[in-house]
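First up is the structure itself, then whatever we jot down about it.
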Amino acid sequence: MDLKQLKYFLTVVDERQITAAARKLHMAQPPLSQQMKLLESELGTELFKRGPHHIELTAAGRLLTRRAQQLLALADSTSREIADLCQGLRGTLAIGTISSSSSILWHPGLQRFQQQYRDVHFEIYDANTYQLIELLEKGVIEIGIVRTPFNASQFHCAYLEPEPMIAAMTAGLDWCPGRDTIALHELDQRQLIIYRRFHRVLDDAFTAQAIQPEIYCRNDDARTTILWANAGLGIAITPASAANLAAHEQLHIKKIDEPSLATRIAIIWRRDAYLSNLAEKFLAALNIPADGSSQPLNQEVHLCPTKK
């Protein structure tokens with residue numbers, strides 16, 4: 001397979017019809033159908049289930065979709081980075097970020113980097129910690145901004161200060177409006193909205209204290225957690241820095257007094273991979289040596305004030 005073939009494949013996936021995909025690609029339908037058959041023959045499996053009105057992806061097709069997106073993104077980033085470097089002191093730095101990493105935007109080093117290297121551009125990949133680690137391993141990104149816990153053995157890591165988990169709820173769900181801190185056991189039997197990333201950590205903490213909350217909603221984005229809580233649908237459990245990611249004007253914010261739930265933002269890069277000059281300059285702006293021999297970044301996390 002080649003990149004053009006993968007582009008054809010993703011267009012078929014997007015359009016869900018060979019005819020519509022051929023129209024979008026400005027080509028005839030038979031050659032496009034032949035390319036898809038060649039791709040299936042090379043891989044030795046069906047990629048599509050062809051129905052009367054549209055196609056559906058097989059499990060192999062869904063896997064190829066993810067990989068094709070990554071490969072084309074890497075090819076595009078590589079092309080633009082080379083073009084930028086050929087034009088002088090410019091470049092494109094590929095970074096992955098989790099949704100709850102907004103606190104890093106306020107680090108003074110990031111502002112210094114932007115002012116000093118005005119011709120540097122960014123390619124930002126938004127995903128969860130495990131997806132970003134996969135992108136790092138594949139070389140799609142050079143630096144990941146992720147959140148503990150994760151397996152750090154393959155990476156150089158620099159950490160922000162630990163931050164607590166918080167419970168965020170509307171006034172109607174607030175059983176202790178006069179307090180800004182709660183104990184974990186107070187969540188027993190309450191309806192929770194959680195970011196799936198922390199499901200295992202929370203479950204372990206609840207089990208250790210024989211707590212049985214109702215997990216009303218699990219989701220893959222800290223912003224969704226906050227939005228659902230703001231609508232009064234339950235109590236959001238997120239890292240403290242996530243509270244400002246979405247509309248939260250209805251929310252009362254409570255720090256959860258449970259050390260085992262503390263988490264940290266981490267800036268990570270591979271130990272065994274070449275690090276570009278741009279990536280080294282980015283890390284240096286944050287006072288992080290490229291060899292990973294750094295102290296924790298001095299970046300405090302502030303809780304939103306509790307609504308009264």
Side-chain angles (χ1 to χ4, degrees), residues 66-67 69-70 73-74 93-105 107 110 122-166 184 193-208 215 218-226 236-243 245 256 258-275 279 282-283 286-301:
R66 295 194 296 271
R67 296 293 183 259
Q69 290 168 339
Q70 293 171 357
L74 180 58
L93 181 58
I95 292 178
T97 63
I98 56 171
S99 61
S100 61
S101 65
S102 59
S103 58
I104 197 66
L105 296 175
H107 194 287
L110 189 55
F122 288 89
E123 290 281 346
I124 303 297
Y125 293 79
D126 295 306
N128 64 41
T129 291
Y130 300 120
Q131 291 168 333
L132 293 179
I133 286 175
E134 184 177 355
L135 292 179
L136 274 170
E137 291 171 343
K138 294 181 180 301
V140 176
I141 60 176
E142 284 197 88
I143 294 172
I145 302 175
V146 298
R147 185 178 287 280
T148 61
F150 62 91
N151 184 351
S153 61
Q154 303 177 63
F155 305 106
H156 292 299
C157 306
Y159 297 94
L160 269 66
E161 294 296 326
E163 60 180 288
M165 297 288 272
I166 56 101
L184 187 67
I193 301 166
I194 66 171
Y195 181 18
R196 187 174 284 108
R197 168 78 173 86
F198 296 103
H199 176 236
R200 182 175 297 176
V201 173
L202 289 167
D203 191 53
D204 289 345
F206 292 144
T207 300
I215 306 302
R218 293 186 185 90
N219 63 78
D220 291 310
D221 196 312
R223 291 166 292 199
T224 302
T225 306
I226 294 299
I237 308 298
T238 70
S241 60
L245 293 176
I256 301 174
E258 176 52 54
S260 69
L261 295 183
T263 180
R264 295 194 288 177
I265 294 288
I267 300 174
I268 67 174
W269 62 103
R270 285 173 54 185
R271 292 180 182 273
D272 60 348
Y274 170 77
L275 198 64
F282 179 82
L283 293 174
L286 299 176
N287 298 318
I288 304 172
D291 63 2
S293 58
S294 61
Q295 298 297 318
L297 295 174
N298 185 21
Q299 179 79 0
E300 294 184 357
V301 176

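With sequence neighbours left out, the side chain to side chain contact (heavy atoms under 4.5 Å, CB included) criterion links R218 to I194, R196, H199, I215. A279 pairs by the side chain to side chain contact (heavy atoms under 4.5 Å, CB included) definition with L93, E142, I143, L275, S276, not counting sequence neighbours. Remark: Q69 engages no residue in a side chain to side chain donor-acceptor pair (under 3.5 Å) (not counting sequence neighbours). Contacts of R197 classified as salt bridge (Lys or Arg N to Asp or Glu O under 4.0 Å), with partners at least two apart in sequence or in another chain: none. With sequence neighbours excluded, no residue forms a ring-ring contact (aromatic ring centres under 6.0 Å, His included) with F206. The side chain to side chain donor-acceptor pair (under 3.5 Å) check on Q70 picks up nothing, with sequence neighbours excluded. Scored by the side chain to side chain contact (heavy atoms under 4.5 Å, CB included) test, A266 finds V146, F150, Y159, I268 as partners (sequence neighbours excluded). When the salt bridge (Lys or Arg N to Asp or Glu O under 4.0 Å) test is applied to R67, the partners found at least two apart in sequence or on another chain are E134. Here S153 pairs with N151 under the side chain to side chain donor-acceptor pair (under 3.5 Å) rule; sequence neighbours left out. With sequence neighbours excluded, the residues forming a side chain to side chain donor-acceptor pair (under 3.5 Å) with N219 are T225, listed by chain and number. Here D126 pairs with T97, I124 under the side chain to side chain contact (heavy atoms under 4.5 Å, CB included) rule; sequence neighbours left out.
The nearest pair of heavy atoms linking L136 to F155 is CD1-CE2, 3.9 Å. When all heavy atoms are compared, the tightest approach of A158 to I288 is CB-CD1, 3.6 Å. Between V140 and A94 the shortest heavy-atom distance is O-CB, 3.5 Å. Pairing each heavy atom of A73 with each of Y125, the nearest pair is CB-OH, 3.6 Å. The two residues A236 and I226 come nearest to each other via the heavy atoms CB-CD1, 4.4 Å. Here the shortest heavy-atom pairing between G139 and L74 reads O-CD1, 3.3 Å.
No side-chain donor-acceptor contact under 3.5 Å links R223 to the backbone of L245. Under a 3.5 Å cut-off, the side chain of T148 and the backbone N or O of T263 do not form any donor-acceptor pair.
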Given the rule in the side chain to side chain donor-acceptor pair (under 3.5 Å) test, do R147 and S241 qualify, once you have shown the distances and angles that lead to the verdict? CA-CA 11 Å; R147 185 178 287 280; S241 60; 3.1 Å; yes
Between I265 and E163, does the side chain to side chain contact (heavy atoms under 4.5 Å, CB included) criterion hold? Intermediate values first, please. CA-CA 9 Å; I265 294 288; E163 60 180 288; 4.2 Å; yes
For side chain to side chain contact (heavy atoms under 4.5 Å, CB included), just list the numbers for I141 and L135, CA-CA rounded to whole Å, side-chain angles, deciding distance to a tenth of an Å, and then say yes or no. CA-CA 6 Å; I141 60 176; L135 292 179; 3.9 Å; yes
From CA spacing to verdict: side chain to side chain contact (heavy atoms under 4.5 Å, CB included), I95, I145: CA-CA 8 Å; I95 292 178; I145 302 175; 4.2 Å; yes
For F282 and L110, what are the C-alpha separation, side-chain angles and deciding distance, and is it a side chain to side chain contact (heavy atoms under 4.5 Å, CB included)? CA-CA 8 Å; F282 179 82; L110 189 55; 3.5 Å; yes
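Atom CZ of R271 and atom CD of Q154 lie 10.0 Å apart (nearest 0.5 Å). Between the CE atom in M165 and the CD atom in E258 there is a gap of 11.0 Å [rounded to 0.5 Å]. Interatomic distance, CG of D203 versus OG1 of T207, reported as 4.0 Å (0.5 Å rounding). Note that OG1 of T129 and CD1 of I98 are 4.5 Å apart. Values are rounded to the nearest 0.5 Å.
Taking the six-membered ring where the residue is Trp, W269 and H156 present tilted rings, their angle falling between 30° and 60°.
Among residues at least two apart or in separate chains, there is no salt bridge (charged side-chain N to carboxylate O under 4.0 Å, His left out) pair with a member in residues 95-104.
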